[in-house]
Chemist: 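Starting off with a structure, shown below.
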Protein chains: 2
Amino acid sequence: MEDERARTVFVPPRRERSVVEAHLAEAGLRPTSQRSLVYEVLLGHAKEHPTADEIFIQAKQEKPDISMATVYNCLDALVRHNLIRQMHLDRAATRYCPNMHEHAHFLCEECGEVSDFEGQAKPRQSGFKVPREFKVTQVEMNMRGLCPDCTEKGVSR
Amino acid sequence: MEDERARTVFVPPRRERSVVEAHLAEAGLRPTSQRSLVYEVLLGHAKEHPTADEIFIQAKQEKPDISMATVYNCLDALVRHNLIRQMHLDRAATRYCPNMHEHAHFLCEECGEVSDFEGQAKPRQSGFKVPREFKVTQVEMNMRGLCPDCTEKGVSR
DNA sequence: AATCTAATTTAGAATTATTCTAAATATAAT
DNA sequence: ATTATATTTAGAATAATTCTAAATTAGATT
């Protein structure tokens with residue numbers, strides 16, 4: 001493969017690794033076509049916080065042979081390498097989120113939409129008594145209520 | 001049944017409704033034997049934050065005929081009436097928690113134990129930017145890290 | 001370029017969690 | 001006692017996730 005670059009004539013310039021693939025490699029993951037695709041799909045649907053199944057359906061359009069098991073494998077790898085996060089609301093399927101800026105989630109109980117609130121968790125100022133002896137390394141915060149749109153529409157709840 | 005009280009001799013005093021049943025009734029739920037049992041089991045295992053399945057197994061010891069569907073029905077009713085809460089960590093089964101004092105959860109990544117941290121959520125001081133237009137009615141906070149025991153045992157992570 | 005090793009993907013089965021269904025039963029009100 | 005409604009039930013159905021063992025691929029090494 002190195003050799004390709006050594007050829008002297010008419011070698012089409014090596015396509016640069018896509019940004020996505022670079023991300024994967026940086027994170028220490030082999031940028032296989034499936035992984036790249038899964039990650040790409042998720043990046044393209046950040047707002048929707050899609051489920052594994054939804055990602056699978058999307059990915060299948062590009063790559064009809066991809067299997068559900070692979071989607072789960074890829075998602076798990078991405079989670080382990082901190083490229084994406086899992087979200088668990090209710091008893092429904094796990095949702096995924098490629099936004100790795102620290103943020104909290106807000107679920108509108110009226111329309112079901114999930115919004116991201118950026119910021120940096122301050123667990124010890126959140127109102128809960130976190131004993132000094134506990135070492136907090138990760139904070140997940142999910143809020144519920146009414147989004148601006150639904151509030152406006154006069155839903156009171 | 002009322003009549004029992006009217007009898008004149010050797011009537012064992014009607015057992016007063018248990019505290020559990022009173023709770024259910026207060027919350028506007030018919031205190032059926034199954035519901036009372038499910039709630040009781042959960043109250044007796046608050047620390048463990050058991051799954052529906054674990055509750056089912058426990059309940060079955062008392063009442064071998066209870067069915068899984070009933071356990072789910074009961075849990076859902078209890079949740080809807082604010083007697084218990086659901087917890088979602090990871091992709092595993094939903095866990096239940098009868099502690100209704102406002103609190104956050106802490107999962108020790110070493111030993112897997114879940115601890116409750118009491119307090120009152122202050123979503124707008126938690127570090128996340130919660131736009132004024134969002135009406136927050138419920139906050140769920142899950143932290144991860146090392147519990148005191150595991151920290152002591154020298155696990156570094 | 002061929003070879004090797006370990007990681008990854010795959011289909012499909014298996015498992016687990018949850019919901020649904022329609023009939024039977026229990027509750028509370030009348 | 002009667003009635004209307006809520007609840008429970010077994011079991012089937014569905015949905016979410018994991019497992020398995022074989023095939024493929026990536027990247028490193030010759």
Side-chain angles (χ1 to χ4, degrees), chain A residues 1-7 14 17-18 20-22 24-39 41 49-57 59-60 62-81 83 86-96, chain B residues 1-4 17 21-22 24-39 41 49-57 59-60 62-81 83 86-96:
Chain A
M1 290 226 174
E2 293 278 17
D3 306 346
E4 265 188 44
R5 269 186 277 166
R7 289 195 205 146
R14 258 241 184 143
R17 270 187 164 169
S18 78
V20 165
E21 282 167 339
L24 292 175
E26 259 175 59
L29 278 173
R30 280 195 191 173
T32 66
S33 69
Q34 291 88 341
R35 256 176 210 166
S36 306
L37 176 55
V38 165
Y39 188 28
V41 165
H49 301 82
T51 61
D53 200 57
E54 288 162 352
I55 294 166
F56 175 58
I57 289 166
K60 224 170 154 85
E62 288 277 313
K63 209 176 198 305
D65 288 344
I66 197 168
S67 88
M68 193 67 215
T70 298
V71 170
Y72 271 108
N73 287 344
C74 290
L75 289 171
D76 287 348
L78 293 168
V79 168
R80 275 197 315 277
H81 287 74
L83 289 173
Q86 296 188 332
M87 277 187 62
H88 307 93
L89 300 171
D90 305 306
R91 228 155 38 188
T94 304
R95 293 184 169 277
Y96 296 85
Chain B
M1 289 231 175
E2 292 279 16
D3 307 345
E4 267 188 43
R17 268 186 165 170
E21 282 167 339
L24 293 175
E26 258 174 59
L29 277 174
R30 282 193 190 175
T32 67
S33 69
Q34 291 89 339
R35 257 176 209 165
S36 306
L37 176 54
V38 165
Y39 189 27
V41 166
H49 302 80
T51 62
D53 199 60
E54 287 161 354
I55 294 166
F56 175 59
I57 290 166
K60 223 170 154 83
E62 289 276 314
K63 207 174 200 306
D65 288 343
I66 198 169
S67 88
M68 194 67 214
T70 298
V71 170
Y72 272 108
N73 287 344
C74 290
L75 290 171
D76 287 348
L78 292 168
V79 168
R80 275 197 314 276
H81 287 73
L83 289 171
Q86 297 187 332
M87 276 186 62
H88 306 94
L89 301 172
D90 304 307
R91 229 154 37 186
T94 303
R95 294 183 168 277
Y96 295 86

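For the numbers below, each heavy atom of this structure counts, side chains included, while hydrogens, waters and symmetry mates do not. Order of the sequence lines fixes the chain letters, A, B, ..., with proteins taken first and strands second; residue numbering starts at 1 for each chain.
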Chemist: Under 4.0 Å: is that the gap between some side-chain N or O of Gln34(B) and OP1 or OP2 of dT9(D)?
Modeler: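 The answer is yes; a side-chain N or O of Gln34(B) sits under 4.0 Å from OP1 or OP2.
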
Chemist: Round to a whole Å and report the spacing from CG of Asp53(A) to P of dT18(D).
Modeler: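 Rounded to whole Å, this separation is 14 Å.
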
Chemist: Would you find a donor on one side and an acceptor on the other, under 3.5 Å apart, between the side chain of Arg95(B) and the backbone of His49(B)?
Modeler: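 Here the side-chain-to-backbone pair exists.
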
Chemist: Look at the side chain of Asp76(A) and decide which nucleotide, out of dT9(C), dG27(D), dT18(D), has an atom nearest to it.
Modeler: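 Nearest nucleotide to the side chain: dT18(D).
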
Chemist: Within less than 4.0 Å of OP1 or OP2 of dT18(C), is there a side-chain N or O belonging to Thr94(B)?
Modeler: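 Yes, such a contact exists.
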
Chemist: Rounded to the nearest angstrom, tell me the gap between atom CD1 in Ile66(B) and atom P in dT25(C).
Modeler: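 After rounding, the reported distance stands at 17 Å.
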
Chemist: How many whole angstroms separate atom NZ of Lys63(A) from atom P of dT8(C)?
Modeler: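 Lys63(A) atom NZ is separated from dT8(C) atom P by 15 Å.
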
Chemist: Side-chain N or O of Thr70(A) less than 4.0 angstrom from OP1 or OP2 on dT8(C)?
Modeler: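 Checking Thr70(A) against dT8(C): no side-chain N or O falls below 4.0 Å of OP1 or OP2.
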
Chemist: Glu62(A) side chain to Ala59(A) main-chain N or O, any donor-acceptor pair under 3.5 Å?
Modeler: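 Not confirmed, Glu62(A) side chain does not pair with Ala59(A) backbone.
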
Chemist: With side chains defined as the heavy atoms from C-beta onward, is the minimum distance between Thr94(A) and Asp90(B) less than 4.5 Å?
Modeler: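 No. Closest side-chain heavy atoms not under 4.5 Å.
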
Chemist: Starting at atom CG of Leu29(B), determine the distance to atom C1' of dA26(C), rounded to an integer number of angstrom.
Modeler: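 From Leu29(B) CG to dA26(C) C1': 16 Å.
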
Chemist: If you check the Ala69(B) side chain, which of dG11(D), dT17(D), dA7(C) turns out closest?
Modeler: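 That would be dG11(D).
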
Chemist: Distance check needed: dA17(C) C1' versus Arg91(A) CZ, whole Å only.
Modeler: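 The answer, rounded to whole Å, is 9 Å.
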
Chemist: Cys74(A) side chain: which of dT17(D), dT9(C), dT9(D) is closest?
Modeler: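 Looking only at heavy atoms from C-beta outward on Cys74(A), the closest nucleotide is dT9(C).
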
Chemist: Rounded to whole Å, please give me the gap between CD in Glu54(B) and P in dT16(C).
Modeler: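 These atoms are roughly 13 Å apart.
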
Chemist: Nearest heavy-atom pair of Tyr96(A) and Thr51(A): which atoms, and what distance?
Modeler: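 For Tyr96(A) and Thr51(A), the tightest heavy-atom pair comes out as CD1-C, 4.4 Å.
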
Chemist: Is there a side-chain polar atom (N or O) of Thr32(A) under 4.0 Å from OP1 or OP2 of dT9(C)?
Modeler: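 Affirmative; the distance criterion is met.
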
Chemist: For the side chain of Asn73(B), starting at C-beta, report the closest nucleotide among dA28(C), dT9(D), dT17(D).
Modeler: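 Within the option list, the nearest is dT9(D).
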
Chemist: Could you state the atom-to-atom distance from NE2 of His88(A) to P of dT18(C) in whole Å?
Modeler: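 These atoms are roughly 12 Å apart.
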
Chemist: Rounded to the nearest 0.5 Å, how far does CG of Leu24(B) lie from CZ of Arg30(B)?
Modeler: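 Separation between the atoms: 13.0 Å.
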
Chemist: Can you tell me how far C1' of dT21(C) sits from CE of Met68(B), to the nearest Å?
Modeler: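 It works out to 17 Å between those atoms.
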
Chemist: On DNA chain C, check which nucleotide each of Arg30(B) and Arg35(A) is closest to and give me the residue with the more 5' one.
Modeler: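 Closer to the 5' end of DNA chain C: Arg35(A).
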
